[in-house]
2 protein chains.
Amino acid sequence: MAARKPLSRERILREAMAVADRAGLAGVTMRSVADGLGVEAMALYRHVSGKNDLLDSLVELIVAEINEACEALPEPAPEEDWRSVLRRRILAARATLLRHPWAPALLGSHGTMGPALMRYFDEFGAIMRRAGFSVDAVHHALHAFGSRALGFTTELFQPGAPAIEETEVDPEQALAELAAFADSLPFLAEMAAHLQHDAATTIGWCDDQREFEFGLDALLDGLEVRRAASR
Amino acid sequence: MAARKPLSRERILREAMAVADRAGLAGVTMRSVADGLGVEAMALYRHVSGKNDLLDSLVELIVAEINEACEALPEPAPEEDWRSVLRRRILAARATLLRHPWAPALLGSHGTMGPALMRYFDEFGAIMRRAGFSVDAVHHALHAFGSRALGFTTELFQPGAPAIEETEVDPEQALAELAAFADSLPFLAEMAAHLQHDAATTIGWCDDQREFEFGLDALLDGLEVRRAASR
DNA sequence: ACCTGAACACCGTTCAAGT
DNA sequence: ACCTGAACACCGTTCAAGT
């Protein structure tokens with residue numbers, strides 16, 4: 001056996017990311033990461049203080065990728081609206097996260113402020129400052145965006161999703177369920193009926209990207225109202 | 001040993017909730033829940049198909065508590081603005097979640113649509129319908145709210161929090177750090193300086209409740225703009 | 001100096017056995 | 001019918017031992 005490429009923090013993190021892309025966040029295990037590097041799990045502890053440390057750094061790696069995506073964006077036009085500048089960056093962040101579907105869950109649980117995240121929010125805040133928001137207003141806005149600033153939201157509402165996936169759309173049964181709803185859940189019944197009509201003409205029930213952009217624009221507009229009022 | 005109270009799904013879920021309140025979500029274990037009931041872990045599998053099932057039902061239990069809180073709310077005034085009606089309900093949901101700090105993480109990972117969650121969203125949607133939103137507009141709005149509809153958001157931005165907690169506020173060191181930031185992170189440096197002034201007069205750096213309400217109101221206003229424009 | 005083997009204290013879950 | 005004991009295949013992490 002020739003000496004293998006020496007282990008390093010960098011290589012460990014790259015492998016952890018590869019495992020996550022392949023097997024999801026639950027698949028990221030000291031043992032699985034080590035395996036991919038042809039090494040025993042305990043060897044990782046030379047370069048990483050534990051699994052928490054590894055996951056914290058994985059967040060940084062993702063955010064670094066987001067920062068790269070933002071830097072590749074075209075320069076904003078001189079008098080471009082702050083909303084569209086921010087919007088473009090947020091959607092670039094989102095595009096990055098879509099390539100790593102496990103990342104939102106990780107960001108939610110390990111959102112510690114590392115250098116990459118700081119860089120992202122620094123530019124984010126600077127854009128709002130240039131648009132005329134006060135320091136205080138930007139601070140509030142950053143909280144208002146929350147995870148949306150990085151291009152994702154935790155959705156709780158997946159209308160009909162489980163009921164539909166279980167069985168192949170049996171129209172008769174679906175209608176029966178609807179009728180049962182109509183009594184106790186009149187609005188959901190109304191919406192389900194409405195969505196069912198759309199389903200014939202559109203791809204799916206909900207277009208996540210569209211929904212995200214709608215929510216983002218609503219918030220941007222809500223903030224613009226406040227900005228305009230404060231001048 | 002006298003025969004103990006017989007095990008039941010209900011008792012298991014109550015105990016799981018008690019464990020979570022005491023030891024956090026990570027403390028909820030088949031074994032720990034069983035322990036609290038004076039029983040072996042394997043006994044739970046008679047009433048629960050597995051841990052996933054248990055956690056799914058725990059979500060329902062929390063949302064049921066939220067629904068109760070909403071029902072205890074005063075009736076809306078006849079011509080009350082839809083925003084304030086919804087706002088009151090969302091803040092009631094939030095108050096419930098604040099009593100169970102582990103709940104947001106659980107809702108994020110096990111947000112399956114059970115009856116309790118459906119009931120909550122049905123009333124939520126109905127309020128917007130009565131205010132004149134179209135079915136489509138309500139659907140989009142529900143997505144836009146996301147977890148905020150239930151009173152929480154996943155925050156990524158905790159300005160200064162780690163730096164401050166580590167050491168007792170050493171003003172000299174804090175200033176040195178600020179200076180280091182000023183070069184590469186001008187906005188964050190500006191904000192940190194601003195926050196430091198406020199820290200003298202307010203309780204903490206960020207008031208989570210205030211921040212939540214700000215973000216909520218911004219979104220409500222953004223949606224009101226759309227509602228008004230569509231009439 | 002760097003990695004490994006064996007071990008420890010935990011998990012969720014199974015299955016045959018007890019009562 | 002309802003619960004238990006023992007076991008299995010996993011975790012993260014430790015520590016002394018190898019090279």
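Chain letters run A, B, ... following the sequence lines, proteins first and then strands; every chain starts at 1. Excluded from the calculations below are hydrogen atoms, water molecules and symmetry mates; all remaining heavy atoms, backbone and side chain alike, are included.
- Here Arg119(B) pairs with Glu71(B) under the salt bridge (charged side-chain N to carboxylate O under 4.0 Å, His left out) rule; sequence neighbours left out.
- For the pair Glu40(B) CD and dT19(C) P, the computed distance is 15 Å after rounding to whole Å.
- The side-chain contact (heavy atoms from CB on, under 4.5 Å) test applied to Asp136(B) returns His194(A), Asp198(A), Ser134(B), His140(B), not counting sequence neighbours.
- In this structure, His47(B) places its NE2 atom 13 Å from P of dA1(D), rounding to the nearest Å.
- Partners of Gln209(B) by side-chain hydrogen bond (donor to acceptor under 3.5 Å, both in side chains), not counting sequence neighbours, listed by chain and number: Arg94(B), Glu213(B).
- Regarding Ile12(A), its CD1 atom lies at a distance of 12 Å from the P atom of dC2(C), rounded to whole Å.
- As a whole-Å value, the separation of Arg46(B) CZ from dA16(C) P is 13 Å.
- Atoms CG (Leu54(B)) and C1' (dC11(C)) sit 15 Å apart, rounded to a whole Å.
- In DNA chain D, runs of at least 3 consecutive Watson-Crick or G-U pairs, each pair with both distances below 3.5 Å, span C:4-8 with D:12-16, C:12-16 with D:4-8.
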Return the polar atom pairs (N/O with N/O) between nucleotides 12-14 of chain D and the protein under 3.5 Å, or none.
{"unit_1": "dG12(D)", "atom_1": "OP1", "unit_2": "Met30(A)", "atom_2": "N", "d": "3.4"}
{"unit_1": "dG12(D)", "atom_1": "OP1", "unit_2": "Lys51(A)", "atom_2": "NZ", "d": "3.1"}
{"unit_1": "dG12(D)", "atom_1": "OP2", "unit_2": "Met30(A)", "atom_2": "N", "d": "3.2"}
{"unit_1": "dG12(D)", "atom_1": "N7", "unit_2": "Arg31(A)", "atom_2": "NH1", "d": "2.6"}
{"unit_1": "dG12(D)", "atom_1": "O6", "unit_2": "Arg31(A)", "atom_2": "NH2", "d": "3.2"}
{"unit_1": "dT13(D)", "atom_1": "OP2", "unit_2": "Tyr45(A)", "atom_2": "OH", "d": "2.9"}
{"unit_1": "dT13(D)", "atom_1": "OP2", "unit_2": "Lys51(A)", "atom_2": "N", "d": "2.9"}
{"unit_1": "dT13(D)", "atom_1": "O5'", "unit_2": "Tyr45(A)", "atom_2": "OH", "d": "3.4"}

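- Partners of His110(A) under the side-chain hydrogen bond (donor to acceptor under 3.5 Å, both in side chains) rule, at least two apart in sequence or in another chain, are Asn52(A).
- Residue pairs satisfying the salt bridge (Lys or Arg N to Asp or Glu O under 4.0 Å) criterion with at least one member in residues 49-65 of chain A, sequence neighbours excluded, are listed as follows: Arg9(A)-Asp53(A), Glu65(A)-Arg99(A).
- Taking atom CZ of residue Arg9(B) and atom C1' of nucleotide dC2(D), one finds them 17 Å apart after rounding to whole Å.
- Between the side chain of Tyr120(A) and the backbone N or O of Ala149(A) there is at least one donor-acceptor pair closer than 3.5 Å.
- Separating the CG atom of Leu37(B) from the P atom of dC2(D) is a distance of 16 Å, rounded to the nearest angstrom.
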Donor-acceptor list for residues 27-35 of chain B side chains, cut-off 3.5 Å, not counting sequence neighbours:
{"unit_1": "Ser32(B)", "atom_1": "OG", "unit_2": "Gly27(B)", "atom_2": "O", "d": "2.8"}
{"unit_1": "Ser32(B)", "atom_1": "OG", "unit_2": "Thr29(B)", "atom_2": "N", "d": "2.9"}
{"unit_1": "Ser32(B)", "atom_1": "OG", "unit_2": "Thr29(B)", "atom_2": "O", "d": "3.1"}

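- Pairs engaging residues 140-158 of chain A under the salt bridge (Lys or Arg N to Asp or Glu O under 4.0 Å) rule: none recorded [sequence neighbours left out].
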